[in-house]
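What follows is a set of notes on a single structure, which appears directly below.
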Amino acid sequence: MNEVKSHNFLEEIIEEDLKAGKYQSIVTRFPPEPNGYLHIGHATSICLNFGLTARYGGYTNLRFDDTNPVTEETEFVDSIKADIKWLGFEWKYELYASDYFATLYEYAHILINKGLAYVDDLTSEEIAQLKGTPVDPGKDSPFRDRSIDENCRLFEKMKDGEYPDGSKTLRAKIDMKHPNMLMRDPLLYRIKHAHHHRTGDAWCIYPMYDFAHGQSDSIEQITHSICTLEFIPHRELYDWLIEKLEIYPSHQYEFARRNLSYTVMSKRKLMQLVNDGYVNGWDDPRMPTISGMRRRGFTPASIRNFCERIGIAKRENIIDFSLLEFFLREDLNNTALRVMAVLDPVKLIITNYEDEKTEELTCENGPDEAYGTRQISFCKELWIEREDFMEEPAKKWFRLAPGASVRLKSAYIVRCDNFQKDENGNLETIYCTYFPETRSGLDNGTMKVKGTIHWVSVEHAIKAEVRMYDRLFKVENPSSEDGDFKDYINPDSLQILNAFIEPSLKKAAVVDRYQFLRKGYFCLDEKSTSENLVFNRTVTLKDAWAKEVKR
RNA sequence: UGGGUUAUGGUGUAAAGGCAGCACAACAGAUUUUGAUUCUGUUUGUCUAGGUUCGAAUCCUAGUAACCCAACCA
């Protein structure tokens, strides 16, 4: 097999850098702000950064971009670390932008001493006012030409807490008429008398993103600093600061963030879903957060394979959710234990089966023989799926109907002789005859049926709550529709069922993955208890019959 | 005084002047004690208009469209 490997643009840049001897090995970083939970979009960035150093040699740091004390919390630091580990990646160093506050403060002085930064007394509104617009040039602040000495003194006083929040800022002195708005004397430091999750009350001035991120990259000698497209305008400032500070020249590269159909990804929108009660928390299995997906039953491998396959580029995109589902099913199909569970039960009575008899039948555990077999109990009364019976069978119907026969998985072939409805006209009981010679394994092949259905014994089955999840939104791109994105929420994204499941599931663990035969992949919910078993549907099986019905 | 980025099937992504490929999706069939899996096959694409060239997704010219930038957020 000589597979032709295709390279994305970042891999090409790195290979050229390596070939040219610019670097011996590369260093990347994953730089989240600890102000929320990671989602599938972050996962692509994680896979990218860690994947690149795994491939080309070098390492990846985890760096928390914690320069805004009012939004950041240790809780988020912990969840981010747990999510990255769960995805299967190991960072070299755990670092914090806040570790560099003292260095950054020195860097600011370097700029001031070079006459490249000044303390501005303008208010936020005044600064915005003088900034101009993308089509109109800005105007200089009246404080722009303070002396170096005065700037030094004022900046020190800012640090010493002598001024209230918002009263002064430190700005780079670049060009108020610059076509790139980011270069119109960007803010470097602001005053915030706020408690920081790591530095406590040691500081009351905090660097802005632009005066922390590139500098942190440089301190860590990051070779390739990879971020999303919206930071392109920042690159000019990133390079300017590195040049003027005369520090290690990290380089920034940008890629297009990945969007997934039928969901939203912005932190703001996800927060609304949580706060307004559309979902039950950040780890709700419908959420595109890593914690939600984990709870839903996604596997790390499926997410990694997905990220690998979608590649990386610079154009806008909305990736089809079914692509993610494909990798999920692919992984689960290879690993999930096969069990039987009846989600919407209706009773089936085998009229010619002995009343008190129980037979132990052999059933395969997994996708191949290596998984072995287990015994399952078979009795006169069984639960089967309501949708596996049709009073007036449609064309191409393979399942139960009056007079029709099906195989009960790993058991016998039965023929439906009769059925009974309750006073509301709902199917209550199906009466069947079984054929003893068709027992699974002994079958001599004289009788053939098209359909095989799953079942559980009424006497042996246990109860469980099963949560069926569907996509959160009714439209592909909720954010681009008219009106509020919440108007497009799928009201049926969660359906709770009371199911009968086979008794072997009593010992299910959260890490186990199951296929409920013919119904989909399921896992035990993190909050399930032995008194109240709860299973989550991770993803359905592909369903050719459902497609047939749609026509 | 505006600047920047991007355009390849329904979706995502390759092709560095030389056969438009791969995956998903869709469709058709075979196998199947899961209408699953597996296997086989099919359909669908280079933003537009010119130009250069034996040959253009790729180079040139002119358009068009989408996205990003005016937080003391990151």
Side-chain angles (χ1 to χ4, degrees), chain A residues 4-8 12 31-33 35 65-68 70-71 120 122-124 127-129 131-138 165-171 177-184 187-192 206 208-210 212-213 227-236 254 256 258 261 267 306 309-327 329-330 333-334 338 340 363-364 367 396-399 406-411 413 438 440-441 443 448-454 476 515-520 540-548:
Chain A
V4 181
K5 198 169 55 180
S6 64
H7 290 137
N8 64 48
E12 287 189 9
E33 182 187 12
N35 69 347
D65 237 339
D66 55 349
T67 55
N68 186 0
V70 301
T71 58
D120 199 345
L122 256 27
T123 64
S124 162
I127 288 174
Q129 193 64 229
K131 195 144 214 167
T133 72
V135 286
D136 299 305
D165 288 8
S167 60
K168 281 182 167 50
T169 57
L170 183 75
R171 300 179 72 180
K177 298 181 175 63
H178 202 287
N180 181 351
M181 299 286 292
L182 256 312
M183 299 297 277
R184 321 241 263 225
L187 266 59
L188 268 20
Y189 268 93
R190 77 286 217 192
I191 301 171
K192 270 181 200 274
Y206 291 92
M208 299 287 290
Y209 166 86
D210 287 300
H213 198 98
C227 60
T228 47
L229 249 29
E230 66 267 29
F231 288 95
I232 287 177
H234 293 254
R235 189 175 61 225
E236 200 171 3
E254 310 86 7
R258 322 321 311 240
S261 61
K267 206 171 278 178
F306 170 74
R309 196 70 189 81
I310 60 178
I312 210 73
K314 290 187 147 197
R315 68 192 123 189
E316 280 246 320
N317 59 79
I318 298 181
I319 301 162
D320 211 320
F321 200 85
S322 61
L323 188 55
L324 216 202
E325 289 183 330
F326 168 80
F327 287 103
R329 290 190 183 109
E330 179 184 61
N333 178 49
N334 289 329
R338 314 289 135 125
M340 294 204 273
C363 191
E364 320 81 70
K396 296 193 196 166
W397 177 255
F398 298 165
R399 286 117 88 154
V406 291
R407 175 172 290 280
L408 297 169
K409 172 69 182 171
S410 297
I413 291 177
T438 62
S440 190
D443 200 347
K448 286 269 182 251
V449 288
K450 291 279 270 191
T452 299
I453 64 173
H454 61 281
E476 262 194 21
Q515 185 193 107
F516 288 3
L517 233 53
R518 304 206 304 133
K519 298 310 293 182
T540 61
L541 257 26
K542 281 174 87 176
D543 190 346
W545 173 248
K547 270 183 197 167
E548 186 69 34

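The sequence lines fix the lettering, A, B, ..., with proteins before strands; numbering per chain opens at 1. All values derive from a computational prediction rather than experimental measurement.
Using a 4.0 Å heavy-atom distance criterion, A:Leu122 is classed as a base contact. Within 4.0 Å of A:Ile453, counting heavy atoms only, lies no atom of the nucleic acid at all. As judged by a 4.0 angstrom heavy-atom cut-off over every strand, A:Asn180 is placed among residues making no nucleic acid contact. Within the 4.0 angstrom heavy-atom criterion, only backbone atoms of the sugar-phosphate kind lie near A:Ile310; the bases stay farther away. Across all strands shown, A:Phe231 has heavy atoms under 4.0 Å from base atoms, whether or not it also approaches the sugar-phosphate. Within the nucleic acid shown, A:Gln515 comes within 4.0 Å of at least one base atom, counting heavy atoms only.
Here B:U32 presents its P atom at 22 Å from NE2 of A:His454, a figure rounded to the nearest Å. Separating the NE2 atom of A:His7 from the P atom of B:U13 is a distance of 17 Å, rounded to the nearest angstrom. Rounded to a whole Å, the CE atom of A:Met183 is 15 Å from the C1' atom of B:G2. Residue A:Arg399 contributes atom CZ, which lies 15 Å from atom C1' of B:U33 at whole-angstrom precision. Rounded to an integer number of Å, the gap from A:Glu316 CD to B:U8 C1' is 16 Å. Here the C1' atom of nucleotide B:A15 and the CD atom of A:Glu12 are 11 Å apart, to the nearest Å.
One C1' atom belongs to B:G63, the other to B:C24, and the distance between them is 34 Å to the nearest Å. Between B:G21 and B:U33, the two C1' atoms lie 39 Å apart (nearest whole Å). Using atom C1' as the reference point in both B:U42 and B:C47, the two lie 28 Å apart (nearest Å). The same atom, C1', is picked in B:U13 and in B:U32; the two are 33 Å apart, to the nearest Å. With both ends at atom C1', the span from B:U53 to B:A14 equals 25 Å, rounded to whole Å. Taking the C1' atoms as reference points, B:U44 lies 28 Å from B:G50, given to the whole Å. Distance check on atom P: B:C73 versus B:G17 gives 48 Å, rounded to whole Å. A gap of 40 Å separates the P atoms of B:C27 and B:U64, to the nearest Å.
Residue A:Phe398 and nucleotide B:G35 are classified as a stacked aromatic pair, their ring centres being separated by less than 5.5 Å at an interplanar angle below 30°.
Toward the 5′ end of RNA chain B lies the nearest nucleotide of A:Ala313, the other residue of the pair A:Leu323 and A:Ala313 mapping further downstream. Looking at which nucleotide of RNA chain B each of A:Arg338 and A:Arg235 is closest to, the 5′-most match is held by A:Arg235.
A:Glu254 and A:Thr228 share no side-chain donor-acceptor pair at under 3.5 Å.
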Could you list the protein-to-nucleotides 37-43 of chain B atom pairs, N/O on both sides, closer than 3.5 Å?
| unit_1 | atom_1 | unit_2 | atom_2 | d |
| --- | --- | --- | --- | --- |
| B:U37 | O2' | A:Asn333 | ND2 | 3.0 |

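Residue A:Gln129 qualifies as open at atom CD: its count of foreign heavy atoms under 6.0 Å is 12 or below.
Among the duplex regions that RNA chain B forms, those built from at least three successive Watson-Crick or G-U pairs under 3.5 Å are B:2-7 with B:64-69, B:10-13 with B:21-24, B:26-30 with B:38-42, B:47-51 with B:59-63, ordered by first number.
Ring geometry, A:Tyr209 versus A:Phe231: the interplanar angle falls from 30° to 60°, so the pair is classed tilted.
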